[in-house]
Asker: 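What follows is a structure written as structure tokens; I'll ask about it next.
Whatever order the structure lists them in is the order used to number ligands and atoms, beginning at 1. Please read all numbers here as calculations on a predicted model, not as lab measurements.
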Amino acid sequence: LGADPLELRHAPEEILGLAKAFNDMLNRLSISWEQQQQFVGNVSHELKTPLTVISGYLQSLLRRGDNLNSYQNQALETASAEAERTIRMLQDLLDLARVDSGNLHFRLMPTVLNTLIAEVAEMTRRVTGRQIIMQTPKSEIVVYADQNRLEQALINLLDNAAKYSNQDQVVYINLEQSNQQTLIHIIDQGVGIPLAHQSRIFERFYRVDEAMTRSRDGTGLGLAIAKSLIEGMQGKITLRSKLGEGSTFTIILPNWESLP
Ligand code: ADP
């Protein structure tokens with residue numbers, strides 16, 4: 001919750017009473033926060049199972065739907081796409097619930113970035129059809145990270161870079177290493193993020209309320225997940241963006257050699 005219990009050993013009676021009331025409140029808040037997170041996790045789990053069944057049947061109907069008229073076909077396609085989108089959102093909520101409960105374990109180890117980034121870039125290129133240009137040094141760059149979770153965070157950022165720019169605009173990935181840390185810049189030339197929204201876009205479900213963003217499919221959870229994952233491996237994500245010119249998201253990770 002970002003607040004620590006007060007420990008006032010030699011304060012007058014009244015202040016001690018206040019400190020006790022404060023600590024009780026903090027305790028109750030933290031219990032209710034935990035219950036809320038648990039609730040979100042449980043509900044997501046319960047909803048995901050039946051939705052997966054619904055989605056499976058919709059897809060099988062679509063596959064066998066030779067004698068469907070165009071209205072039926074379109075209705076099935078829309079229902080199937082929405083079911084899929086909801087499943088993705090529930091999976092995101094489950095991931096966040098695991099982060100909150102401390103049950104998401106990070107396997108931190110020396111991780112070679114050059115190959116990992118090349119693979120993620122290739123995957124994004126295939127899925128989005130977008131041109132991705134990598135500028136990575138020839139030498140091997142090794143950071144201290146959890147490979148799978150770093151991949152997931154990178155995919156979320158690259159997906160956004162492609163989603164919030166036009167098909168003919170290039171996405172760049174630049175790697176920069178200093179003594180202590182490595183910076184991975186994901187640069188797009190897309191719509192950009194208005195200054196007033198920049199401090200909030202890492203919040204859960206937060207989406208910029210502009211026509212361009214709203215027309216893109218999304219849940220508002222991708223950045224929240226990326227941030228939790230990167231912070232879970234002692235890293236940071238920063239953002240620089242200008243409306244109409246594009247955005248640069250930067251993942252900062254400790255170098256393997258820089259650790260004691
Ligand atoms: P989603 O993309 O599913 O809406 P995210 O959490 O990934 O959710 O992003 C939150 C919001 O931040 C997006 O809705 C969009 O408004 C904004 N955003 C994220 N990445 C970019 C980007 N590269 N360019 C412009 N806006 C972005």
Side-chain angles (χ1 to χ4, degrees), residues 37 40-41 44 47-48 51 81-100 104 117 120-121 123-125 127-135 148-175 183-233 235-252:
Q37 296 312 317
V40 173
S44 307
L47 290 179
K48 205 180 142 202
L51 257 172
E82 286 301 306
E84 280 294 301
R85 194 171 73 87
T86 316
I87 290 170
R88 281 201 304 277
M89 190 197 298
L90 292 173
Q91 185 56 53
D92 286 350
L93 280 171
L94 275 171
D95 285 349
L96 281 168
R98 279 168 68 206
V99 173
D100 291 333
L104 198 65
I117 287 190
V120 176
M123 194 156 70
T124 312
R125 203 176 283 137
V127 175
T128 65
R130 193 58 58 92
Q131 188 185 357
I132 299 179
I133 297 181
M134 287 189 303
Q135 286 166 344
N148 292 335
R149 306 209 190 290
L150 175 57
E151 249 174 51
Q152 192 184 343
L154 279 167
I155 288 172
N156 288 2
L157 296 184
L158 280 169
D159 270 354
N160 280 349
K163 193 159 72 171
Y164 299 111
S165 59
N166 291 326
Q167 199 61 34
D168 57 351
Q169 287 171 325
V170 179
V171 174
Y172 295 91
I173 309 179
N174 291 356
L175 266 187
L183 283 68
I184 311 168
H185 305 287
I186 290 148
I187 305 162
D188 69 61
Q189 303 165 319
V191 288
I193 301 162
L195 197 59
H197 295 271
Q198 289 184 13
S199 60
R200 300 202 56 194
I201 57 162
F202 291 95
E203 291 172 17
R204 293 170 197 193
F205 294 110
Y206 194 84
R207 305 193 77 203
V208 176
D209 198 9
E210 307 273 334
M212 164 68 178
T213 298
R214 290 287 163 190
S215 68
R216 301 294 198 267
D217 197 14
T219 60
L221 290 171
L223 284 180
I225 291 181
K227 181 170 187 274
S228 295
L229 294 179
I230 295 300
E231 287 178 353
M233 51 186 104
K236 260 194 342 195
I237 300 191
T238 62
L239 161 68
R240 242 176 332 125
S241 182
K242 200 152 178 222
L243 195 60
E245 289 184 15
S247 309
T248 299
F249 285 85
T250 301
I251 296 179
I252 306 171

Asker: Nearest non-hydrogen atom to atom 23 (N) of ligand 1 belongs to which of D209, D188, V208, D159?
Answerer: D188
Asker: Has N156 got any heavy atom lying under 4.0 angstrom from an atom of ligand 1?
Answerer: no
Asker: Is Q167 reaching over with its side chain to a backbone N or O of T128, donor-acceptor style, under 3.5 angstrom?
Answerer: yes
Asker: Are any of the N/O atoms on G222, whether in the backbone or the side chain, positioned under 3.5 angstrom from an N/O atom of ligand 1?
Answerer: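 Such a contact does occur with ligand 1.
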Asker: Given L221, L243, I193, which one has a non-hydrogen atom that is nearest to atom 25 (C) of ligand 1?
Answerer: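 Closest candidate by heavy-atom distance is I193.
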Asker: Is it the case that ligand 1 has an N or O less than 3.5 angstrom from some N or O of N160?
Answerer: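 Yes; at least one N/O pair falls below 3.5 Å.
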Asker: When you compare ligand 1 with G218, is there at least one nitrogen or oxygen pair between them that comes in under 3.5 angstrom?
Answerer: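 N/O-N/O distance below 3.5 Å does not exist for this pair.
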Asker: Closer than 3.5 angstrom, by distance alone: can the side chain of R130 be matched with the main-chain N or O of A162 as a donor-acceptor pair?
Answerer: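 Checking the backbone N and O of A162 against the side chain of R130, a donor-acceptor pair under 3.5 Å is found.
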Asker: Could you measure the distance from the CD1 atom of I225 to the CG atom of N156? Nearest 0.5 Å is fine.
Answerer: 6.0 Å
Asker: I'd like to know if the side chain of Q198 reaches the main chain of I193, judged simply by a donor and an acceptor atom lying under 3.5 Å from each other, with no hydrogens or angles considered.
Answerer: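 At least one qualifying donor-acceptor pair exists.
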Asker: If you measure from CG on L51 to NZ on K48, what distance do you get to the nearest 0.5 Å?
Answerer: 10.5 Å
Asker: So is K163 in contact with ligand 1, going by heavy-atom distances below 4.0 Å?
Answerer: yes
Asker: Using a 4.0 Å cutoff against the non-hydrogen atoms of V191, which atoms of ligand 1 qualify?
Answerer: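 Near V191, the atoms of ligand 1 are 25 (C).
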Asker: Taking S241 for its side chain and G246 for its backbone only, find out whether a donor-acceptor pair lies under 3.5 Å.
Answerer: yes
Asker: Under 3.5 Å between some N or O of ligand 1 and some N or O of Y206?
Answerer: no
Asker: Heavy atom to atom 18 (N) of ligand 1, shortest distance: which of Y164, F205, F202 holds it?
Answerer: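 Nearest heavy atom to atom 18 (N) of ligand 1 lies in Y164.
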Asker: Please determine whether the number of non-hydrogen atoms from other residues, nucleotides or ligands lying under 6.0 Å from atom CZ of R85 exceeds 12.
Answerer: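 Counting other residues, nucleotides and ligands, CZ of R85 exceeds 12 neighbours.
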Asker: Should L223 be counted as touching ligand 1, given the test is an N or O pair under 3.5 Å?
Answerer: yes
Asker: Let me confirm one number: the CZ-OG distance from R204 to S228, rounded to the nearest 0.5 Å.
Answerer: 5.5 Å
Asker: Angle class for the F249/F202 ring planes (parallel below 30°, perpendicular above 60°, tilted otherwise)?
Answerer: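 Ring orientation of F249 relative to F202: perpendicular.
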Asker: Show which atoms of ligand 1 fall inside a sub-4.0 Å distance from at least one heavy-atom site of I201.
Answerer: 10 (C), 12 (O)
Asker: Give a yes/no on ligand 1: does F249 have at least one heavy atom closer than 4.0 angstrom to it?
Answerer: yes
Asker: Below 3.5 Å, N or O to N or O, backbone or side chain included: is there any such pair between G220 and ligand 1?
Answerer: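 Yes; at least one N/O pair falls below 3.5 Å.
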